[in-house]
Asks: 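Just dropping this structure here.
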Amino acid sequence: IYPSDKIKSPIHLSIGQESISVGVCDVLRPDDLVSITYRGHAAYLAKGGSLKGMIAEMYGKKDGCCRGKGGSMHLVDTASGVIGASAVVGTTIPVAAGHALAIRKLGRDAVVACFFGDGATEEGAFTETLNFAALHRLPILFVCENNGLAIHTKQGTRWASERLCERVETYGIPAHRIQDGDVFRIRERAAAAAASMRVGGGPVLLECMTYRWREHVGPAEDYDAGYRTRDELAPWQERDAVPAVGALLDAPTRDAIDAEVEALVAEAVAFAENSPFPDECELNDHVFAD
């Protein structure tokens, strides 16, 4: 759809990174929260965000999850526990900690899963939040989706040391690296972390290695852009969670799931196509406090 110009928003796809969101969100309860990034479609959907609302938002339509004003980079679904995303790298990390602090103050046993990329760990807000979360033993699961890239810049030219977990552990926060994107291993780690946090165990970090299949912004491939090669993609495609999990099912079950997903996507696109654009009178709504 994107090349048709019907989608009015810049779009940062999660293709190749879905196993992280699925593994983490599968262990969360309805009252738990997730904080997502501008590459957050997978986590938004995995936590139960409205597919219709997401597609309509990409179209800039009134029935979008932000009434057409946020676009792909600012998804939110409070009914499903999806904290609003931000286009500014790292800014959602302290916001997630604020929600975790509120949960603790209210005496609830809910948790917050905070997703961010490896580039966000270079922002001061990340280390400041680690310290605050550790100090107050906040129920927050830090989830670093480490695809090794900050736009087009590889990690080796940005990090003096690749030992992110070691750095995080200096704050007294347990940290675990999942190297291969295995959805079941991610789920196992997330389940243990959530169970611990619900009884006051404090924050945990998961560093989940992954790979971005498409370009930084947009649906195209960019392996001829000079900063990476298709050879890097091959091993991640070979062990991708979607076909790997699908292969565990019998063919009729897998076909039925695929057909259901395709129907849901088609329904969401039709919903977005038929939704009206916001009225001009709404231009200044939700900009200033009443």
Side-chain angles (χ1 to χ4, degrees), residues 12-28 34-46 89-90 92-93 96 113-123 126-127 130 140-171 173-194 203-216 221-223 227-245 247:
H12 301 72
L13 296 174
S14 302
I15 296 173
Q17 302 186 186
E18 301 94 337
S19 66
I20 303 171
S21 295
V22 172
V24 171
C25 291
D26 191 55
V27 306
L28 299 181
V34 298
S35 172
I36 63 176
T37 72
Y38 55 73
R39 197 179 305 283
H41 307 129
Y44 171 92
L45 293 173
V89 173
T92 54
I93 298 173
C114 177
F115 292 87
F116 51 90
D118 52 290
T121 68
E122 297 157 29
E123 297 291 335
F126 174 65
T127 52
L130 288 178
I140 180 169
L141 176 61
F142 295 103
V143 183
C144 178
E145 299 177 290
N146 189 344
N147 63 23
L149 293 167
I151 306 180
H152 303 133
T153 307
K154 291 194 172 184
Q155 199 172 88
T157 65
R158 299 182 285 113
W159 287 12
S161 167
E162 293 186 359
R163 299 194 296 273
L164 174 63
C165 288
E166 182 178 303
R167 299 201 297 273
V168 172
E169 287 169 345
T170 63
Y171 292 91
I173 298 175
H176 311 280
R177 172 183 274 199
I178 294 97
Q179 188 69 38
D180 58 1
D182 183 276
V183 66
F184 298 110
R185 189 173 294 111
I186 292 169
R187 188 189 187 283
E188 181 181 11
R189 286 290 191 184
V204 177
L205 177 132
L206 299 182
E207 181 188 12
C208 301
M209 309 306 290
T210 187
Y211 198 76
R212 190 187 81 216
W213 287 23
R214 301 301 175 97
E215 60 189 334
H216 173 64
E221 295 185 342
D222 62 352
Y223 296 97
Y227 74 97
R228 63 175 181 168
T229 67
R230 189 171 292 278
D231 290 341
E232 297 175 24
L233 171 66
W236 288 99
Q237 285 187 314
E238 290 170 3
R239 59 174 178 261
D240 182 56
V242 177
V245 174

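Side-chain atoms are counted along with the backbone in the values below, which use heavy atoms only and exclude waters and symmetry mates.
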Asks: So, for Pro203 and Pro174, which heavy atoms are closest and what is the spacing to 0.1 Å?
Replies: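 In terms of heavy atoms, the two residues are closest at O-CD, 3.4 Å.
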Asks: Could you tell me which non-hydrogen atom of Ile93 sits nearest to which non-hydrogen atom of Cys114, and how far apart they are?
Replies: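 Smallest interatomic distance, heavy atoms only, reads CA-SG, 3.8 Å.
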Asks: Do Glu221 and Arg230 have side-chain heavy atoms sitting under 4.5 Å apart?
Replies: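 Yes - at least one pair of side-chain heavy atoms lies under 4.5 Å apart.
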Asks: Would you say that Tyr211 contacts Gln237 through its side chain, given a criterion of any heavy-atom pair below 4.5 Å between the two side chains?
Replies: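 Contact flag for Tyr211/Gln237 side chains = no.
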Asks: CD of Glu18 to OG1 of Thr210: how many Å apart, nearest 0.5 Å?
Replies: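 Glu18 CD to Thr210 OG1: 8.0 Å, rounded to 0.5 Å.
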Asks: To the nearest 0.5 angstrom, please state how far the CD atom of Glu145 sits from the OG atom of Ser19.
Replies: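 So the CD of Glu145 and the OG of Ser19 are separated by 9.0 Å.
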Asks: Quickly, which of Ser14, Cys25, Cys144 forms a side-chain contact (heavy atoms from CB on, under 4.5 Å) with Phe115? Name it, please.
Replies: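 For Phe115, the side-chain contact (heavy atoms from CB on, under 4.5 Å) check succeeds only for Cys25.
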Asks: Nearest 0.5 Å, please: how far is CD in Glu169 from CG in Leu164?
Replies: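 Between Leu164 CG and Glu169 CD, I get 9.5 Å after rounding to 0.5 Å.
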Asks: Before you tell me yes or no, could you show the steps for Met209 and Trp236 under side-chain contact (heavy atoms from CB on, under 4.5 Å), namely the whole-Å CA-CA distance, both residues' side-chain angles and the distance that decides it to 0.1 Å?
Replies: CA-CA 10 Å; Met209 309 306 290; Trp236 288 99; 4.0 Å; yes
Asks: Testing the basics here: between Ala43 and Ser21, what is the closest heavy-atom pair and its distance to 0.1 Å?
Replies: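 Closest heavy-atom pair between Ala43 and Ser21: N-OG, 3.1 Å.
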Asks: Do the non-hydrogen side-chain atoms of Val204 and His176 ever get within less than 4.5 Å of each other?
Replies: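 Contact flag for Val204/His176 side chains = yes.
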Asks: For residues Tyr223 and Leu233, report the shortest heavy-atom separation together with the two atoms involved.
Replies: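 Residues Tyr223 and Leu233, closest heavy atoms: OH-CD2, 3.3 Å.
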Asks: Would you mind reporting whether Thr92 and Ile36 have side-chain heavy atoms less than 4.5 Å apart?
Replies: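 Answer no - side chains too far apart.
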Asks: Which class fits the ring pair Phe142 and Phe126: parallel under 30°, tilted 30 to 60°, perpendicular over 60°?
Replies: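 Judged by the thresholds at 30° and 60°, the geometry between Phe142 and Phe126 is perpendicular.
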Asks: Find the distance between CG (Asp26) and CD1 (Ile186) and round it off to the nearest 0.5 Å.
Replies: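 It is 11.5 Å, given to the nearest 0.5 Å.
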Asks: Quick check: closest heavy atoms across Leu141 and Ala193, and the distance to 0.1 Å?
Replies: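 Scanning both residues, the minimum pair turns out to be CD1-CB, 3.8 Å.
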Asks: Out of the candidates Arg158, Arg177, Arg39, Lys154, only one should pair with Asp118 under the salt bridge (charged side-chain N to carboxylate O under 4.0 Å, His left out) rule; please name it.
Replies: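 Passing option: Arg158.
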Asks: With side chains defined as the heavy atoms from C-beta onward, is the minimum distance between Arg212 and Asp222 less than 4.5 Å?
Replies: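 They are in contact (side-chain heavy atoms under 4.5 Å apart), so the answer is yes.
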Asks: Between atom CD of Glu232 and atom CG of Leu149, what is the distance when rounded to the nearest 0.5 Å?
Replies: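 Atom-to-atom, Glu232:CD and Leu149:CG are 7.5 Å apart.
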Asks: Taking all non-hydrogen atoms of both residues, which atom of Ala150 and which atom of Gly119 are closest, and how far apart?
Replies: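 Residues Ala150 and Gly119, closest heavy atoms: CB-CA, 4.4 Å.
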Asks: Between Phe184 and Val245, is there a side-chain heavy-atom distance shorter than 4.5 Å?
Replies: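 Yes, close enough: below the 4.5 Å cut-off.
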Asks: Does a side-chain heavy-atom distance below 4.5 Å link Arg185 with Asp180?
Replies: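 Counting from C-beta outward, Arg185 and Asp180 do come under 4.5 Å.
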Asks: Going by heavy atoms in the side chains, are Glu207 and Val168 under 4.5 Å from each other?
Replies: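 When only atoms from C-beta onward are counted, Val168 and Glu207 do not touch, as no gap falls below 4.5 Å.
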Asks: Between CD of Gln17 and CG of Asn146, what distance do you get to the nearest 0.5 Å?
Replies: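 If we round to the nearest 0.5 Å, Gln17:CD and Asn146:CG are 9.5 Å apart.
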Asks: Assess whether atom CZ of Arg239 is packed by more than 12 heavy atoms of other residues, nucleotides or ligands within 6.0 Å.
Replies: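 Result for CZ/Arg239: enclosed.
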